[in-house]
Amino acid sequence: MKGTIIGITGPTVTVDLADLKLYDRLKVGHAGLQGEVVRLAGDHAVVQVYEETKGLGLGEPAQPLGVPLSARLGPGLMGQVYDGLQRPLPLMGETFGPFIRPGCDLPSLPEDKGWPFTPLKKVGDRVAVGEALGFVRENSFTHALFSQAGGVITAIAQGDMDLRRPVAELDDGRLLHAAQDWPIRTPRPFRRKLPPTSPLITGQRVIDFFFPLALGGTAIIPGGFGTGKTILEQTIAKHAAVDVVVYVGCGERGNEMAEMLEEFASLSDPWSGRPLAERTIMVANTSNMSVAAREASIYTAVTMAEYYRDMGCHVLLLADSISRWAEALREVSSALEEMPGEEGYPTYLASRLSGYFSRAGVVETLNGTTGSLSMILSVSPPGGDFSEPTTQACLRASGAFYMLDTALAHRRHFPAIHWGQSYSLYGEEVGRHCTEAVCRQWVELRKKSMTLLQKEEKLREVSEIVGAEGLQDEDHFLLHAADRIRSRFLCQNSFSEDAFSAPAQTAELIALLVRQYEQGAARLAQGEDLAVLLREMR
Ligand SMILES: Nc1ncnc2c1ncn2[C@@H]1O[C@H](COP(=O)(O)OP(=O)(O)OP(=O)(O)O)[C@@H](O)[C@H]1O
Ligand SMILES: [Mg+2]
């Protein structure tokens, strides 16, 4: 079956084909541009094209591939840098030069690379879908190979294998391969979801202590222009206590992504000491790349993240920024002439986003292990207006909210997370965990220091009205103590040694600051001089 192009509107193309399915892949035009069916209408179908449609003409061919847009999953993913369609960018650069011409493509995984395979099953064993057949070593990583079908094994590989040959054969003749293609818009299956209760240590004190993220949880970082979203995402990507990081540069500056790639090549994972690139997969669909592929990029990324989750790993997906994804969705939707909702976004924006967030979680995998997929997505509301549709939809769907404040960023208080307006739904569970595992006073200290910060805010309001002279000595002392918590505890310069703080270090620091305040306040109450106390605390 082959069709022809009968209409072109920006990134969407109409083809005269009837027997297609929604989300089927197609190659369109003489160049073979990649696309996906987004609307079926009787005798024709509308295709969202992921590459530049400039130069495409009516009457050019359209070739359906009979499969949905999929990610290729298997050994060789780790350390890769992909675009939104999972094309390996460094290899594309070597092969085709620095500019990707439409229609250029290469396999996502190195097909001929040899991997030493250790089987966990033998001939005669029964295997179920999703069960591990064995594993290969991917750098320092144990990469499980899952069976894509169930049956009795009649042959299984030993020693070296590559992606071109089957790993095993079943009694019904089906061949099992090391790599598989998974439709990116379909969540990968698992046995059941478990509640997120353990902390995901980010190394950022304000997050880990006040607004913790749980493994399997979701968080958003909304912030206006230049408030530190990218730096925060990248700092967390470097330091988070997880097995795998998938980082999506979604519609943001290409040079920031290039700098990050360079930096990651020379840094090590603070937890394992191994090169950071060995635990990281990057998906780059920066502002200078195709808008429609940006829409697909976050799905490609989450599918790869789920794949490692299924191996029992703790995976963190970071995306900068989800607003650019929503804008891509809006662009495609308007080309489809769909009924626009609020601010021109399609009416299904919120349900798409909540569907996306629901792919995070702690799960019992088909293989019986426990894995987690956590998400931290930045949001860039135009004009810093948090009431706009993307921020609101993300707010409703995520479990933690790190609001970046423009005033704090102007004062160079970084990370500019506003402690009065951020929240986390994981605080209670994670607090209990940290009280047992890190510090007995964890929750108590959190309550005390948050109260101090809240009292400070009230006092500042009062002093604005009555003037600083209207405050008591104890108020001045509290203001001073809160100021120390802000500057020494909440601030963390990403470009210094302090960029990462381990939980024990975090607890020690806040315990010291709270103790100094309490002891000082007690001495003040006994009549000691404020000036002496302030001098001592300097
Ligand atoms: N944690 C941090 N430590 C030190 N400096 C920081 C930190 N976060 C942000 N900055 C400073 O703020 C600047 C802007 O940060 P960043 O590029 O991350 O903002 P952004 O919110 O991503 O901006 P945009 O809206 O343009 O994408 C950085 O170049 C850096 O100077
Ligand atoms: Mg940015």
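Counting from 1, the numbers follow the sequence of the chain as shown. Note that ligands are numbered from 1 as they come in the structure, with each ligand's atoms numbered from 1 the same way.
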Fill in: Presence of salt bridge, Arg205 and Asp498, under 4.0 angstrom
yes
Item to complete: Please work out which of Thr406, Asn493, Thr230, Thr227 has its closest non-hydrogen atom nearest to atom 4 (C) of ligand 1.
Response: Asn493
Worksheet item: Using the ring of each side chain (for Trp, its six-membered ring), is Phe489 parallel, tilted or perpendicular to Phe209, with breaks at 30° and 60°?
Response: perpendicular
Discussion item. Just to confirm my output: which protein heavy-atom neighbour is closest to atom 3 (N) of ligand 1, and how far is it?
Written reply: Ser494 N, 2.9 Å
Worksheet item: Is the Mg ion (ligand 2) under 2.8 Å from any N, O or S atom of Thr230?
Response: yes
Worksheet item: In the protein, what heavy atom is nearest to atom 25 (O) of ligand 1, and what distance, to one decimal place, separates them?
Response: Lys229 NZ, 2.9 Å
Discussion item. Would Arg185 and Tyr23 count as a cation-pi pair here, with the cationic atom under 6.0 angstrom from the ring centre and within 45° of the axis?
Written reply: yes
Discussion item. For atom 7 (C) of ligand 1, is there a protein heavy atom at a distance under 4.0 Å?
Written reply: yes
Item to complete: Considering only non-hydrogen protein atoms, determine which one is nearest to atom 2 (C) of ligand 1 and report residue, atom name and distance to 0.1 Å.
Response: Phe414 CB, 3.3 Å
Worksheet item: In terms of side-chain heavy atoms, does Tyr345 have a donor or acceptor partner in Glu327 at a distance below 3.5 Å?
Response: no
Fill in: Electrostatic pair Glu428-Arg432, nearest N-O below 4.0 angstrom
yes
Response to the item:
for atom 19 (O) of ligand 1, nearest protein heavy atom and its distance come out as Gly228 N, 3.0 Å
Worksheet item: Under 4.0 Å between a Lys/Arg side-chain N and an Asp/Glu carboxylate O for Glu252 and Arg294?
Response: no
Discussion item. In the complex you have, is atom 29 (O) of ligand 1 within reach of the protein, judged by whether a heavy-atom distance drops under 4.0 Å?
Written reply: no
Worksheet item: In terms of side-chain geometry, is the basic nitrogen of Asp269 or Arg274 positioned less than 4.0 Å from the acidic oxygen of its partner?
Response: no
Discussion item. Can you name the atoms of ligand 1, numbered from 1 with element, that are less than 4.0 Å from a heavy atom of Glu252?
Written reply: 27 (O)
Fill in: Winner among Gln234, Arg253, Glu256 once heavy atoms are compared against atom 26 (O) of ligand 1
Arg253
Practice prompt. Starting from atom 24 (P) of ligand 1, find the nearest protein heavy-atom neighbour and note its residue, name and distance.
Written response: Gly226 N, 3.6 Å
Item to complete: Please could you name the atoms of ligand 1 that Phe225 approaches to less than 4.0 Å, counting only its heavy atoms?
Response: 25 (O), 26 (O)
Worksheet, complete the sentence: Counting heavy atoms under 4.0 Å, the part of Arg412 that contacts ligand 1 is side chain
Worksheet item: Can an N or O of Ile231 be found at a distance shorter than 3.5 Å from an N or O of ligand 1?
Response: yes
Worksheet item: With under 30° as parallel and over 60° as perpendicular, where do the rings of Tyr356 and Trp325 fit, or are they tilted in between?
Response: parallel
Worksheet entry | Minimum heavy-atom distance between Asp310 and Arg188, given as atom pair plus value | OD2-NE, 2.8 Å
Worksheet item: What are the atoms of ligand 1, with element, lying closer than 4.0 Å to any heavy atom of Gln492?
Response: 1 (N), 3 (N)
Discussion item. As a quick check of understanding, evaluate ring-ring contact (aromatic ring centres under 6.0 Å, His included) for Phe401 and Phe211, giving each step before the final call.
Written reply: CA-CA 8 Å; Phe401 166 65; Phe211 312 107; 9.3 Å; no
